[in-house]
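Contents: one structure, followed by commentary.
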Amino acid sequence: MNDAAPSGGDPEFHEALTRVARAGVDPAPVREYAMGAVSRRMRRRRAAGTLGALGVLVASVALVGLGAEEPVHDEVVSPSEGDTTTTSRARPTTSTAATIAAPAGAPSVAPTTAPTSAVVTTNPSPTPVAPPPSAAARTPAYTGPRDEPGTPSGTLAVPGVAASGVLDIGSGAVGDLVEFRLAFSDPDGPDVEPFVSVRSADSPGETPPEPPTGACDGGPGTDAVLEGSVQFTRAGPQRVEVVVTYCEGPALVFPHEVDVAQPRHAEGPGRAVMALLADEELAEGGAEWSFRADDGSTPEPVVSAERVVHRSSADDGSTRYGILLVLPAGMSGVVTMQPDAPDSPGFAAFVPAEEPEDGSPTHVALQPQP
Amino acid sequence: MTDPPADSPSGPAGGRSARRSEYVEALVEVALDPAVGLAARVFDPLGDDPQGLDRCRTIAMEAITSVALHRSGRADASVTDDHVREVMARVAEASLEALIGHGGTVAFNPDCGLERRTPVRFAVLQDVTSAMRRVDRRVTFMVLAAGISPKDARALLGVDEHVVNASLRRVARRLEEAEPGTLEVAR
């Protein structure tokens, strides 16, 4: 039994486990299979961008200047594998629009591996977690130009990091899944899973990168292409850094700047609402969403087709899990969520008409309904 | 595998990688035997069917892997009872699905409050419950297909007694609708 194994717990449960157990199955192949699957997780998500089957790890960008009563940092956690999502409406992924070219003289990189994507990120955290020292030391100041939505261009400047590459990142509105594609020289080789985060360079907050899974035994210099998508939660111009982290070696930082458009709703201008739950399972599971405005209308909330769960740290230190919704602008009312989970109650929250002036979403805490 | 140890100079990422490996190992260690045992109650009840046991191992392996994928990425990943319950629940669901075309008949646990008037085939049980709620399917497999007592099913799934009883009542109703005269509710 290792440190990760449970101890104590419910005796009735453990007695039941003992009664049902059958010994004699070799655990080695099972362990190997599970480890391999965990190791392949990022790769599968990378492939999902092109195969459209295995799920995409989605990333988020910080909300700058978030109100004090709101969670102080949001981190995107992945959609759970194997689950299905029922959303009120699917929103297509926004196509790539803006491009940052590699610096002059930087080696051009051809895509040779499946694209990946990943996680994270950011608002100022009450207890900021420092990035790996190498990353912190080498994170460059942003030097690239600002892009207008849909306007390509920019030059990567990553001083001090022995890396170069091409970053394409689309533009879109709040709530969209904006694709990004990063081609670079992989320092660890194709068998090493990198951890990719998209974070706001405007925010000092850091969320710790998840470690890559699997072995760190690849050779350097392999060309790699990472693909993923990011869901912006705040409208307006934002400096963004795509950070690639490995088990060892410096993090690779690719800066960019995007101008995120106001959210759109089928019935006109939209507004972003972050609906928060305390239960991660429920947040990651499928659900039916609805909205009843105070004027009696029932415009349908727009939920991203890919389930994106934002992890938020509240002022009291608790963690909450948020789903970004797009509702018609200027409306107040009650948003409800009915999880697919069996025997789960419905949840609801009042959404005020007022919206944060800085373009960040209105955070509402969903409460269970009797 | 060359994952650095938790205290590796490679830093926190390496440590987390090692913890993730530990998590998977711990989950396999704790959950494999019960997971295989649950499925084996239907697919290899006498312990003499290598193919059936292989199927059980596959079901257990998939369930453990699913939970590992879902859980091991957490910063505080350690195996809890809830994680093992999740494995058991997934095994129950997968096993129920695997009953398609199964030629055997169910062996209700005597404590389940249902009595058969006529044999209930596994395939019918699977068909009747396929569109039912997840908790119903889990309870169905554990109590009606695998013959586990409602009390143990309750513990294994981490649900209240009334949840199990309600599931059994719903399933009994569906079975009665599908094959009238099949069941008798004993309590």
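To find a chain, count down the sequence lines: A is the first, B the second, and so on, and within it residues start at 1.
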With a 4.5 Å limit on heavy-atom distance, are the side chains of B:Leu156 and A:Leu17 in contact?
yes
Heavy-atom contacts under 4.5 Å, residues 51-61 of chain B to chain A
B:Leu53, B:Arg57, B:Met61
Between A:Arg31 and B:Leu27, is any pair of side-chain heavy atoms under 4.5 Å apart?
no
Selection from B:Leu38, B:Val159, B:Asp152 maximising heavy-atom pairs under 4.5 Å formed with chain A
B:Asp152
For B:Arg121, is the CZ atom crowded, meaning more than 12 foreign heavy atoms sit under 6.0 Å from it?
no
Residue pair B:Leu32 / A:Val25: nearest heavy atoms and the distance that separates them:
CD2-O, 3.9 Å
I need the residue from B:Ile64, B:Asp44, B:Ile148, B:Val36 with the largest number of non-hydrogen atom pairs under 4.5 Å to chain A.
B:Asp44
Keeping to residues at least two apart or across chains, list the side-chain hydrogen bond (donor to acceptor under 3.5 Å, both in side chains) pairs with something in residues 91-103 of chain B.
B:Glu93-B:Arg134, B:Glu93-B:Arg137, B:Glu93-B:Arg138
Sort out for me which of A:Ala23, A:Gly24, A:Ala16 touches chain B most, counting heavy-atom pairs under 4.5 Å.
A:Ala16
All salt bridge (charged side-chain N to carboxylate O under 4.0 Å, His left out) counterparts of B:Arg85, not counting sequence neighbours:
A:Asp10, B:Asp82
Is any side-chain heavy atom of A:Phe13 closer than 4.5 Å to a side-chain heavy atom of B:Val84?
yes
Hey, is CD on A:Gln369 packed in by over 12 heavy atoms from elsewhere, all under 6.0 Å?
yes
Answer yes or no: is there a side-chain heavy-atom contact under 4.5 Å between A:Arg22 and B:Asp33?
no
For A:Pro29, check side chain to side chain contact (heavy atoms under 4.5 Å, CB included) against everything at least two apart and list the hits.
A:Asp26
Can you tell me which of B:Ala155, B:Ser149, B:Pro34 forms the most heavy-atom pairs within a distance under 4.5 Å of chain A?
B:Pro34
Can you give me the closest heavy-atom contact between A:Pro27 and B:Val28, atom names plus distance?
CB-CG1, 3.8 Å
